[in-house]
Amino acid sequence: MTQPQTVSPTDFIREIIDDDLKTNKNDGSVATRFPPEPNGYIHIGHAKSICLNFGIAAQYGGKCNLRMDDTDPSGESLEYVESIIIDIRWLGFDWEDRMYFASDYFEHLYKCAVQLIKAGRAYVCDLNADEIREYRGTFTEPGVESPYRNRNVDENLDLFERMRGGEFEDGTHVLRAKIDMTSPNIVMRDPVIYRIKRESHYRTGNKWVIYPMYDFAHCLSDAIEGITHSICTLEFENNRPLYDWIVEQLVEGARPKQIEFARLNLSYTVISKRVLIDLVEKKLVTGWNDPRMPTIAGMRRRGYTPEAIRNFCAQIGVAKNDNLIDMALLEHCVREDLNERTPRVMGILRPLRVVIDNYPEGQVETFECANHPQRPEMGTRELPFSRELYIEREDFNEDPPGKYKRLAPGREVRLRNSYVIKYESMVKDEKGEVIELHCTYDPATRNAPPPDGRKVKGVIHWVSAEHCVPAEVRLYDRLFRVQDPLSESEEFTKYLNPGSLEVLDNCRVESGLKGAQPGSRYQFERLGYFCVDPENSVPGSLVFNRIVPLRDTWGKISGKV
RNA sequence: UGGGGCGUCGUCAAGCGGUAAGACACAGGAUUUUGGUUCCUGCAUCCGGAGGUUCGAAUCCUCCCGCCCCAACCA
């Protein structure tokens with residue numbers, strides 16, 4: 001199994017495994033699995049689990065399977081299976097030929113149920129859903145036994161077979177494990193393990209009208225695959241006694257052990273499949289791969305790298321504390337990776353025309369610029385310079401605040417990789433908007449400090465008006481205005497950030513970007529990291545997604561002034 | 001409310017009876033043709049609270065407080 005190189009942090013799960021290994025449990029083998037239900041796209045929370053499960057297998061020389069936990073046909077589909085495969089591969093993990101489906105185990109699971117009935121440990125119950133709930137009791141009152149609880153084995157066998165045969169309507173019968181209606185753990189009060197559901201399954205079609213419940217299918221699937229450590233999230237902790245009970249009844253020899261960890265929560269977003277489905281269906285985002293979504297598909301389209309996501313998962317750790325990870329940490333990991341690998345380039349988001357009055361009309365010269373300031377091996381590119389340029393509107397201020405070191409009346413500024421220019425005059429439109437600047441350049445400053453020793457502090461980016469290419473740039477921001485939208489009292493959609501997407505359609509990028517490949521990433525100097533949108537960008541009509549802005553110390557300072 | 005789980009810096013998280021790692025964030029400073037990067041520096045006398053055991057406790061015991069999960073024929 002090839003696995004990405006990531007740091008191997010230690011955590012309580014690895015400690016448990018170390019202990020198991022010390023006592024030679026499972027003959028020293030380690031087998032894990034990642035078991036998504038194909039009813040939605042996977043997200044950054046799944047990535048945490050994927051890194052954990054595949055990471056542990058790699059670290060201990062074991063195997064990690066991919067298993068579709070497809071025991072409930074409603075909502076499951078091949079589209080989701082395919083997306084999950086693509087996303088996990090993209091993250092960099094490999095399950096070789098161990099792609100499994102719980103639905104492939106239906107026949108075996110059925111036999112297990114029959115065996116349970118024969119052992120007197122399961123029965124067919126004719127109560128309907130409401131009645132079952134009433135009989136179950138509450139947190140404080142014990143449940144009461146179903147009147148069907150003591151049917152004899154033969155009758156149960158006959159009924160269960162007829163359930164499978166399609167003789168009964170949905171909801172009229174279920175198979176229940178016979179455990180303890182007075183258990184303080186509600187999960188153990190004769191849980192339903194099979195239900196009738198006349199729904200076509202995306203893989204088994206209409207072959208089955210009964211489907212096993214999660215609690216029954218999951219542990220047995222683990223056992224079938226020889227999983228040693230079945231890692232899941234905290235909300236299944238209550239189900240562990242049931243997991244163990246079923247395995248105890250039906251599995252010979254080595255039994256898998258369930259271990260629970262805290263799921264990931266990320267500030268200013270939501271990581272719940274139910275809510276993400278909601279966002280997609282209500283069209284509050286453009287789809288599962290909307291760059292604002294915390295889905296793997298969304299982050300990929302946004303321009304995040306697998307390395308950054310994996311590193312993030314390593315950084316956050318694994319524990320049992322409820323957590324709310326700061327989005328800033330994810331962004332840090334993305335910047336850390338992109339800073340290393342991304343070629344630098346210049347692009348103007350909100351163009352302001354600049355005419356260099358003393359530069360000869362029609363003259364063009366080229367500058368050779370480093371693609372990366374710290375990595376010469378990334379090479380250079382040629383950048384055309386001419387009399388008319390575009391600079392960022394923000395880089396000129398008629399009335400500059402303190403510490404402002406860009407262009408302003410009477411001031412000089414360095415054009416990155418080229419000359420120092422000096423402000424001469426401005427042109428305004430009838431509304432008083434500055435629409436054009438006139439400057440002069442100092443020929444002696446061509447990629448060199450001013451010979452007279454004067455200091456020019458500011459450096460701004462620019463493109464040649466004649467040579468630059470137009471582009472659309474999409475600026476993304478946090479999806480929600482509040483840190484934890486689901487913890488708020490109101491409906492979560494009320495907290496959507498109306499500014500989560502800003503589309504700039506009059507941007508100019510340097511000429512070399514003309515043929516930029518979809519999916520390729522750049523640093524637009526002084527602005528941030530950008531990715532050519534893989535969906536909407538076409539040659540001649542470039543679309544860039546802002547992956548993440550650069551750290552903005554000036555923004556902090558100017559915000560305080 | 002019965003059961004299960006969790007409480008260490010703003011956010012994560014090490015710590016496993018010998019006297020509070022690290023990361024992010026934040027605040028200073030240096031270098032810089034990206035107000036980027038990089039580099040220094042600072043940032044819990046204290047571990048939810050109160051008692052107790054011990055020469056010694058975040059780590060052990062007791063009680064209390066707070067938060068999360070469970071009453072789907074979802075996973």
Side-chain angles (χ1 to χ4, degrees), chain A residues 9-11 15 35-37 39 69-72 74-75 125 127-129 132-134 136-143 170-176 183-189 191-197 210-211 213-215 217-218 232-241 260 262 267 273-274 314-333 335-336 339-340 344 346 369 372-374 403-406 413-418 420 445 447-449 456-461 483 523-528 549-558:
Chain A
T10 190
D11 53 65
E15 276 177 15
E37 185 189 11
N39 66 346
D69 208 354
D70 52 359
T71 57
D72 177 4
S74 35
C125 182
L127 258 24
N128 64 38
I132 286 181
R133 189 181 335 107
E134 283 162 23
R136 189 153 34 218
T138 67
F139 290 147
T140 46
E141 307 152 37
D170 290 14
T172 57
H173 301 265
V174 292
L175 184 68
R176 294 227 253 168
S183 171
N185 182 353
I186 290 176
V187 171
M188 299 298 274
R189 319 238 262 229
V192 172
I193 56 177
Y194 261 93
R195 76 287 214 179
I196 303 172
K197 203 163 193 169
I210 58 172
Y211 293 96
M213 299 288 290
Y214 166 86
D215 286 306
H218 199 96
C232 64
T233 44
L234 246 30
E235 67 271 25
F236 291 103
E237 214 151 18
N238 294 316
N239 301 49
R240 192 169 68 228
E260 313 84 9
S267 63
K273 226 195 270 182
R274 186 206 106 225
Q315 297 289 321
I316 58 178
V318 179
K320 298 188 75 160
N321 303 332
D322 284 333
N323 60 76
L324 182 61
I325 307 287
D326 196 336
M327 180 65 95
L329 179 59
L330 212 207
E331 297 188 335
H332 163 80
C333 292
R335 287 192 190 103
E336 186 178 49
N339 176 50
E340 282 300 313
R344 263 110 256 229
M346 292 196 282
C369 307
H372 190 114
Q374 279 82 229
K403 292 186 183 170
Y404 186 85
K405 51 188 214 195
R406 284 110 96 147
V413 76
R414 165 132 243 146
L415 292 179
R416 169 119 246 237
N417 293 122
S418 67
V420 169
T445 59
N447 275 330
V456 178
K457 269 189 298 184
V459 179
I460 65 172
H461 54 102
Q483 284 207 50
Q523 184 198 97
F524 285 11
E525 290 202 74
R526 303 211 307 128
L527 297 175
L550 250 30
R551 276 189 62 218
D552 184 12
T553 311
W554 168 245
K556 278 174 198 159
I557 298 166
S558 63

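Within every chain, numbering begins at 1; the chains are lettered A, B, ... in the order of the sequence lines, protein sequences first and strands thereafter.
- Judged by Watson-Crick or G-U wobble contacts below 3.5 Å, the nucleotide B/A44 has no partner.
- Phosphate proximity of B/C68 to A/K320: absent, as no side-chain N or O sits under 4.0 Å from OP1 or OP2.
- Pairing partner, B/U34: none, since no Watson-Crick or wobble contact has both distances short of 3.5 Å.
- B/G7 is paired with B/C65 under the Watson-Crick or G-U wobble criterion, all donor-acceptor distances under 3.5 Å.
- OP1 or OP2 of B/C74 has not a single side-chain nitrogen or oxygen of A/T71 nearer than 4.0 Å.
- In this structure, B/A13 forms no base pair with any nucleotide, since neither Watson-Crick nor G-U wobble geometry is met with both distances under 3.5 Å.
- Note: CZ (A/R195) to P (B/A72) measures 14 Å, nearest angstrom.
- Residue A/R551 has no polar side-chain atom (N or O) positioned under 4.0 Å from OP1 or OP2 of B/G35.
- If you check every strand for non-hydrogen atoms under 4.0 Å, A/N39 touches nothing.
- Atoms CZ (A/R240) and C1' (B/C69) sit 13 Å apart, rounded to a whole Å.
- Ring stacking is absent between A/Y214 and B/A75, as the pair misses the limits of under 5.5 Å between centres and under 30 degrees between planes.
- A/R416 places its CZ atom 13 Å from the C1' atom of B/G35, with the value rounded to the nearest Å.
- Distance check: A/R344 CZ to A/N417 CG gives 12.0 Å after rounding to the nearest 0.5 Å.
- Rounding to the nearest 0.5 Å gives a distance of 5.0 Å between CD1 of A/I316 and CD1 of A/I325.
- A salt bridge does not link A/R195 with A/D170: every distance from a Lys NZ or Arg NE/NH1/NH2 to an Asp or Glu carboxylate oxygen is 4.0 Å or more.
- The two residues A/C333 and A/Q315 come nearest to each other via the heavy atoms SG-CG, 4.0 Å.
- Among the protein residues, A/R274 comes within range of no part of the nucleic acid, since none of its heavy atoms lies under 4.0 Å from any strand.
- One cannot find a donor-acceptor pair under 3.5 Å joining the base of B/C24 and the side-chain atoms of A/E331.
- Look at the P atom in both B/C6 and B/G10: the space between them is 23 Å, to the nearest Å.
- When the side-chain nitrogen and oxygen atoms of A/N238 are compared with OP1 and OP2 of B/G5, none of them lie within a distance under 4.0 Å.
- Using N1 to N3 plus N6-O4 or O6-N4 for Watson-Crick, or N1-O2 and O6-N3 for G-U wobble, each under 3.5 Å, B/A20 pairs with nothing.
- In this model, the phosphate group of B/G35 is approached by a side-chain N or O of A/R526 to a distance below 4.0 Å at OP1 or OP2.
- The side chain of A/R414 places no N or O atom within less than 4.0 Å of a non-bridging phosphate oxygen (OP1 or OP2) of B/G35.
- Proximity of a side-chain donor or acceptor of A/T445 to a complementary backbone N or O of A/A448 within less than 3.5 Å is not detected.
- Evaluation of atom-type donor-acceptor distances gives no pair under 3.5 Å for the side chain of A/Q374 against the base of B/U38.
- Checking side-chain atoms of A/K273 against main-chain N and O of A/E37 turns up a donor-acceptor pair under 3.5 Å.
- At B/U37, none of the side-chain N or O atoms of A/N339 fall inside 4.0 Å of OP1 or OP2 (strictly under the cut-off).
- In terms of phosphate contacts, A/T553 brings a side-chain nitrogen or oxygen within less than 4.0 Å of OP1 or OP2 of B/G36.
- The shortest distance between the side-chain N/O atoms of A/R136 and the OP1/OP2 oxygens of B/A72 is below 4.0 Å.
- For A/V187, whose side chain is taken as the heavy atoms from C-beta onward, the closest listed nucleotide among B/C70, B/U11, B/G5 is B/C70.
- Evaluation of atom-type donor-acceptor distances gives a pair under 3.5 Å for the side chain of A/R406 against the base of B/G35.
- If you measure from atom NE2 of A/H332 to atom C1' of B/A23, you get 7 Å, rounded to the nearest angstrom.
- For A/R414 against A/N447, the heavy-atom pair with the smallest separation is NH2-N, 3.5 Å.
- Within the nucleic acid shown, A/V192 comes within 4.0 Å of sugar-phosphate atoms alone, with no base atom in reach, counting heavy atoms only.
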